[in-house]
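Heads up: the structure comes next, in structure tokens.
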Number of protein chains: 2
Amino acid sequence: MPETGMCACETVYVDKEKVQAVQDNISPDETLHVLANTFKLLGEPTRLKILLALSIEELCVCDIASLLGITRSAISHQLRLLKNSRLVKFRRAGKMVYYSLDDQHVKHLLRDGLEHLRD
Amino acid sequence: MPETGMCACETVYVDKEKVQAVQDNISPDETLHVLANTFKLLGEPTRLKILLALSIEELCVCDIASLLGITRSAISHQLRLLKNSRLVKFRRAGKMVYYSLDDQHVKHLLRDGLEHLRD
DNA sequence: ATTACATGTGAACATGTGTTCAATCGTTTG
DNA sequence: CAAACGATTGAACACATGTTCACATGTAAT
């Protein structure tokens with residue numbers, strides 16, 4: 001005896017209204033991809049550590065490399081990604097380039113993330 | 001003429017104090033990996049869409065699969081990851097399993113992330 | 001018990017990605 | 001100009017990961 005659709009499964013008399021309602025309430029795919037990309041950038045230990053370090057103090061590539069114990073090149077690659085997504089900004093000072101967080105939103109995300117761990 | 005250390009680079013008379021100070025102020029590596037893992041889970045379009053959908057309404061695997069247009073199996077795999085990291089919880093109802101967000105922290109992270117996009 | 005069906009799992013594949021090495025760019029200094 | 005040095009870039013490699021297919025599990029109904 002078929003129930004009134006509770007699920008989108010094939011064999012049930014489907015009530016697609018619920019699914020459609022949710023579909024309509026979530027952001028468009030393009031927005032989701034941008035958001036996912038932001039979270040993904042925060043989702044790697046190396047980049048996360050870079051961002052947390054920059055949330056404390058402005059640092060140059062060398063500082064970060066020595067901080068994380070990996071190549072300056074690797075840091076530079078990651079900083080480029082963070083730069084492209086406007087998570088960090090930079091400032092030239094002679095031969096060196098100093099990086100810092102681009103806006104406060106990033107700092108908030110980091111803070112909220114850390115708060116999430118305490119429960 | 002060497003400046004007083006402004007950077008951790010090899011050739012400068014290094015003042016490692018700044019680097020050390022930052023080193024001491026960021027969370028231990030274990031914490032960072034847990035946090036990074038949380039962000040990483042949010043950092044994939046599929047999972048992000050799952051979580052956003054669940055932030056609106058409790059859904060079963062079939063609903064989500066029909067929502068995203070990918071295999072039930074794929075959804076199940078992703079839900080397992082989200083379950084293991086306590087981002088979602090589930091409830092059995094007969095043959096079906098209904099999923100929902102585990103706690104409010106996830107919802108907050110999603111909200112903050114979306115806010116971050118508006119600037 | 002046997003069928004039906006929603007969900008879960010394991011293996012395999014394709015794809016994405018972080019790191020390193022080598023070479024180059026940009027700036028400063030001799 | 002040439003040398004020194006910090007930063008960047010590109011190619012290549014190793015590795016992680018998301019999806020699918022086929023099969024297993026668990027629950028409900030006949």
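Chain letters run A, B, ... following the sequence lines, proteins first, then strands; residues in each count from 1.
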Any protein N or O atoms within reach of nucleotides 12-15 of chain D? Criterion: under 3.5 Å, listing atom names and distances.
none

It should be established whether [X] places a side-chain nitrogen or oxygen under 4.0 Å from OP1 or OP2 of nucleotide [N].
X	N	answer
R47(B)	dG18(D)	yes
K40(A)	dT17(C)	yes
T46(B)	dG18(D)	no
R80(B)	dG8(C)	no
Q78(A)	dT19(C)	yes

Query raised in the report: Can you find a donor-acceptor N/O pair under 3.5 angstrom joining the side chain of S73(A) to the base of dC21(C)?
Result: yes
Measure across [X] and [Y] and return the closest heavy-atom pair with its distance rounded to 0.1 Å.
X	Y	value
S27(A)	L114(B)	OG-CD2, 3.9 Å
I75(A)	A65(A)	CG1-CA, 3.8 Å
Y98(A)	C60(A)	CD2-N, 3.7 Å

Which of the following nucleotides, [options], is nearest to the side chain of [X]?
X	options	value
M96(A)	dT19(D), dT9(D), dG6(D)	dG6(D)
Y99(B)	dG8(C), dG6(D), dT8(D)	dG8(C)
K95(B)	dT27(C), dT19(D), dA28(D)	dA28(D)
I70(B)	dT8(D), dT19(D), dT7(C)	dT19(D)

Query - Salt bridge flag under 4.0 Å for residues K49(B) and E44(B) - result: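 Between E44(B) and K49(B) there is no salt bridge, as every charged N stays at least 4.0 Å from the carboxylate O atoms.
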Distance in angstrom units between [X] [atom1] and [N] [atom2], rounded:
X	N	atom1	atom2	value
N84(A)	dT9(D)	CG	C1'	13 Å
E44(B)	dT19(D)	CD	P	7 Å
R72(A)	dT19(C)	CZ	P	16 Å

Query raised in the report: Taking the six-membered ring for Trp, does H77(A) stack with dT19(C) (centroid gap under 5.5 Å, planes within less than 30°)?
Result: no
What contact category does [X] fall into here, base, sugar-phosphate, or nothing, at under 4.0 angstrom with non-hydrogen atoms?
X	answer
S76(A)	base
F90(B)	nothing
Y98(A)	nothing

Requested in this report: Measure the spacing between OG1 of T46(A) and CG of L51(A) and express it to the nearest 0.5 Å.
Outcome: 11.0 Å
**Report entry** K89(A) NZ/CZ over Y99(A) ring centroid, <6.0 Å and within 45° of normal
**Finding:** no
Report task. Determine, step by step, whether D63(B) and K18(A) satisfy the salt bridge (Lys or Arg N to Asp or Glu O under 4.0 Å) criterion, reporting the C-alpha distance in whole Å, the side-chain angles of both residues, the deciding distance to 0.1 Å, and the verdict. Result -> CA-CA 9 Å; D63(B) 290 331; K18(A) 182 163 83 173; 3.7 Å; yes
